[in-house]
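Below is one structure, written out as structure tokens; the observations come after it.
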Amino acid sequence: MRAASGVGSEAITILRDAVAQVRKAGCPAREVWCLQIAAQFGDPGGATRLAELTAIVQGPRVAAAAAHAAALRDGEGDGLLDAAKLYEAFGDRIAAADAAAQAAVIHRNNGRRGAALTATAIARRLAAATGADTPALRANAVPVPLKRGNAKSSPSPPPD
């Protein structure tokens, strides 16, 4: 609810508290889930722990979440697209959309316009398929200006 209302930092704090509780309770799969959601909200802080959890928890989610958080931490747009592919491969299209949207933002910030457009297209495709409206998707919802080329306009046809 906090993230949906635009208070992502509070949502991340809540998730970090949840991570501590499920870790203390010995529930590593739930820890993966919480750390993944935190990454979807933009928190790379779980990257090291997720890497550790890949040796403890089975299944594709932990690898995808570990890749996601590590790419966020390292500011790697291509790594986020790789994480998006991992999520999509096992059916978590919302997490895939978030990772792709985050990749688009990083690429845009690094001046990689083509890569940003590709990542945005992936995020939009996944969001459309799920109906998702997440903080990461909203952060990437900036209009992409079209570059005006040097094309000459054709003359208007003569009046009838």
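These numbers come from a predicted model, not from an experiment. For the single chain, residues carry numbers from 1 onward in sequence order.
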- [ ] Kindly compute the distance separating OG1 (T13) from CZ (F41), expressed to the nearest 0.5 Å.
- [x] 12.0 Å
Task: Co-membership, hydrophobic cluster, residues L126 and F90, 4.5 Å side-chain - done: no
- [ ] State plainly whether one hydrophobic cluster holds both V32 and I37, where clusters connect Ile, Leu, Val, Met, Phe, Trp and Tyr through side-chain heavy atoms under 4.5 angstrom apart.
- [x] no
TODO: Search all heavy atoms of A116 against all heavy atoms of H107 and return the closest pair with its distance.
DONE: N-CB, 3.6 Å
Open item on the list: So, applying side chain to side chain contact (heavy atoms under 4.5 Å, CB included) with L35, which one of D43, L15, L53 is it?
Closed with: L53
TODO: Over all heavy atoms of both residues, which pair between V57 and A29 is shortest? Give the atoms and the distance, please.
DONE: CG2-N, 4.0 Å
Open item on the list: Any heavy-atom pair between the side chains of I106 and L80 that's under 4.5 Å?
Closed with: yes
Task: Pairwise side-chain contact, I94 with Q40, heavy-atom cut-off 4.5 Å (strictly under) - done: yes
Open item on the list: With heavy-atom distances below 4.5 Å as the criterion, would you say the side chains of R108 and T120 are in contact?
Closed with: yes
- [ ] Hey, could you give me the CD/SG distance between Q21 and C34, rounded to the nearest 0.5 Å?
- [x] 9.0 Å
Task: Over all atoms of both residues, closest heavy-atom pair of A100 and A119 - done: O-CB, 3.5 Å
Open item on the list: For the CZ atom of R113 and the OG1 atom of T118, what is their distance to the nearest 0.5 Å?
Closed with: 10.5 Å
Open item on the list: Any salt bridge linking E88 with R125? Criterion: basic side-chain nitrogen under 4.0 Å from a carboxylate oxygen.
Closed with: yes
TODO: For D98 and R93, run salt bridge (Lys or Arg N to Asp or Glu O under 4.0 Å): C-alpha distance rounded to whole Å, both residues' side-chain angles, the deciding distance at 0.1 Å, then the answer.
DONE: CA-CA 9 Å; D98 283 344; R93 294 182 297 176; over 6 Å; no
Open item on the list: When you compare the side chains of Q102 and H68, does any donor N or O come within less than 3.5 Å of an acceptor on the partner?
Closed with: yes
Open item on the list: Looking at every heavy atom in both A123 and A97, which two are closest together, and how far apart are they?
Closed with: CB-O, 3.7 Å
TODO: State the CG-CD distance between L50 and Q36, to the nearest 0.5 angstrom.
DONE: 8.5 Å
Open item on the list: What I want to check is whether the side chains of R124 and N140 have a donor and an acceptor closer together than 3.5 Å.
Closed with: no
Task: Considering all heavy atoms, the nearest N110-G75 contact - done: ND2-O, 4.2 Å
- [ ] Before giving the answer on side chain to side chain contact (heavy atoms under 4.5 Å, CB included), spell out for R23 and R49 the whole-Å C-alpha distance, their side-chain angles and the decisive distance to 0.1 Å.
- [x] CA-CA 11 Å; R23 187 172 185 179; R49 179 61 180 155; 3.5 Å; yes
Task: Contact summary for L137 and A132, nearest pair of heavy atoms - done: CD1-O, 3.8 Å
Task: Over 12 non-hydrogen atoms of neighbours within 6.0 angstrom of CZ in R73 - done: yes
